[in-house]
Amino acid sequence: MTDIQAFLDQLYQRYQDLNVGQVASYIPELAKANPDYFGISVVTTDGRSFHAGDVDQQFTIQSISKVFVYGMALEDWGRDRLLEKVGVEPTGDPFNSLIRLDETSHRPENPMINAGAIATTSLIKGENLTARLNRLLAMFRRYVGQDVYVDMSTFLSERATGHRNRAIAHLMLNFGMIGDDLEESLDLYFQQCALLVTGRDLATMAAALANQGQHPLTCEQVLQPQYVRDILSVMYTCGMYNFAGEWAFRVGLPAKSGVSGGLMAVVPNQAGIAVYSPLLDSNGNSVRGLKVFEALSQEYGFHVFDLAMGHCRFQQSLSPQPSTSEP
Ligand code: GLU
């Protein structure tokens, strides 16, 4: 059993030169990302952290925001009312598809695809756009443990080019799935996607989900515990674009990736883990991220069914914490 810090260092060395994949470019600002960036972060539910590489490099959170905004919508509306507007069914379609929405469902299948995420964001309560954005920022601040900011260039770049998302929103307006304040909701969606985070932040946020909604460092309850399971379920079935099934099979963790190269996974009751590396495969997942998670899952028995059967080997890989009690 390799010590976790030593294993992260090994993984960083092993995959640092894996220059496979493409940086996303359909949002022009994302094309500027440095393809060499690579960081791995692990934060345990009891607040210990282990890092390798560029873990303090900022990038925009993109689709990973969908997880946390879904949590807020669950708190705002409750499970049953939210399900009327956004389902929980994986699609196997591209994340920005609108065909099924138009021809069969009329209700977005799940909150991890763009249609479902835009509908979810449109439900965030607040009397105007500023109030709604401030609620989202306050929520993200609680997860991260410090102030968070929107990257204006990426927000404007996506707003100027997000015609497909605009089309999805109009289709949902047509079917009565979102209100007619859709330009405002789209702005809010583009802003949440342009939020700046680091790999360290994402691992901390995932650790809060792993810890039943309680932040591992501030100890604040950042999400009502009854919704943690809902979020983890949609992450498990829908979080990895068209690789979700294969990911569940091989790695076996609730996870979410985004087009800027972030990949965040939750090891229930153990840790949050994040990788940042902007080179993406054809599904839109970070190439180095997939490699790192496959190796971690194998090494420590992180697959949820390994965990459920008591085969997880993670705790043994952590050096014992120094005792703080008096002798
Ligand atoms: N803002 C991006 C979009 O809606 C998010 C995509 C992603 O990360 O999957 O196109």
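Both ligands and their constituent atoms are indexed starting at 1 by order of listing. All heavy atoms count here, side chains included; hydrogens, waters and symmetry mates do not.
Looking from atom 4 (O) of ligand 1 to the surrounding protein, the closest heavy atom is Tyr189 OH, 2.6 Å. Nearest non-hydrogen protein atom to atom 5 (C) of ligand 1 is Gln62 OE1, 3.4 Å. When only non-hydrogen protein atoms are considered, atom 3 (C) of ligand 1 lies nearest to Glu158 OE2, 3.1 Å.
Residue Gly289 comes nearest to Val275 through the heavy atom pair CA-CG1, 3.6 Å, listed as atom of the first residue, atom of the second, then distance.
With a heavy-atom cut-off of 4.0 Å, Asn114 touches ligand 1 through its side chain alone. Counting heavy atoms closer than 4.0 Å to ligand 1, residue Asn165 contributes side-chain atoms (C-beta onward) but none from N, CA, C or O.
Ring-plane geometry between Tyr236 and Phe305 is classed as perpendicular, the angle between the planes exceeding 60 degrees on a 0 to 90 degree scale with a lower cut at 30.
The ring of Tyr12 has its center closer than 6.0 angstrom to the ring center of Phe38. The distance between the ring centers of Phe302 and Tyr300 falls below 6.0 angstrom.
Every atom of ligand 1 with a heavy atom of Gly258 under 4.0 Å away is listed here by number and element: 8 (O). Near Tyr241, the atoms of ligand 1 lying under 4.0 angstrom from a non-hydrogen atom of the residue are 7 (C), 8 (O), 9 (O). Each of the following atoms of ligand 1 lies closer than 4.0 Å to a heavy atom of Cys193: 1 (N).
A salt bridge does not link Asp281 to Arg288: none of the charged nitrogens lies less than 4.0 Å from a carboxylate oxygen.
A donor atom on one side chain and an acceptor atom on the other are not found under 3.5 Å apart for Asn128 and Glu184.
A heavy-atom separation below 4.0 Å is found between Tyr26 and ligand 1.
At under 3.5 Å, a nitrogen or oxygen of Ser63, whether backbone or side chain, sits near a nitrogen or oxygen of ligand 1.
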Ignoring hydrogens and angles, write down the donor-acceptor pairs under 3.5 Å from the side chains of residues 157-168, residues two or more places apart or on other chains.
| unit_1 | atom_1 | unit_2 | atom_2 | d |
| --- | --- | --- | --- | --- |
| Ser157 | OG | Glu29 | N | 3.2 |
| Arg159 | NH1 | Asp187 | OD1 | 3.3 |
| Arg159 | NH1 | Asp187 | OD2 | 3.0 |
| Thr161 | OG1 | Ser157 | O | 2.7 |
| Arg164 | NE | Asn96 | O | 2.8 |
| Arg164 | NH2 | Asn96 | O | 3.4 |
| Asn165 | OD1 | Asn114 | ND2 | 2.9 |
| Arg166 | NH1 | Arg159 | O | 3.4 |
| Arg166 | NH2 | Arg159 | O | 3.1 |

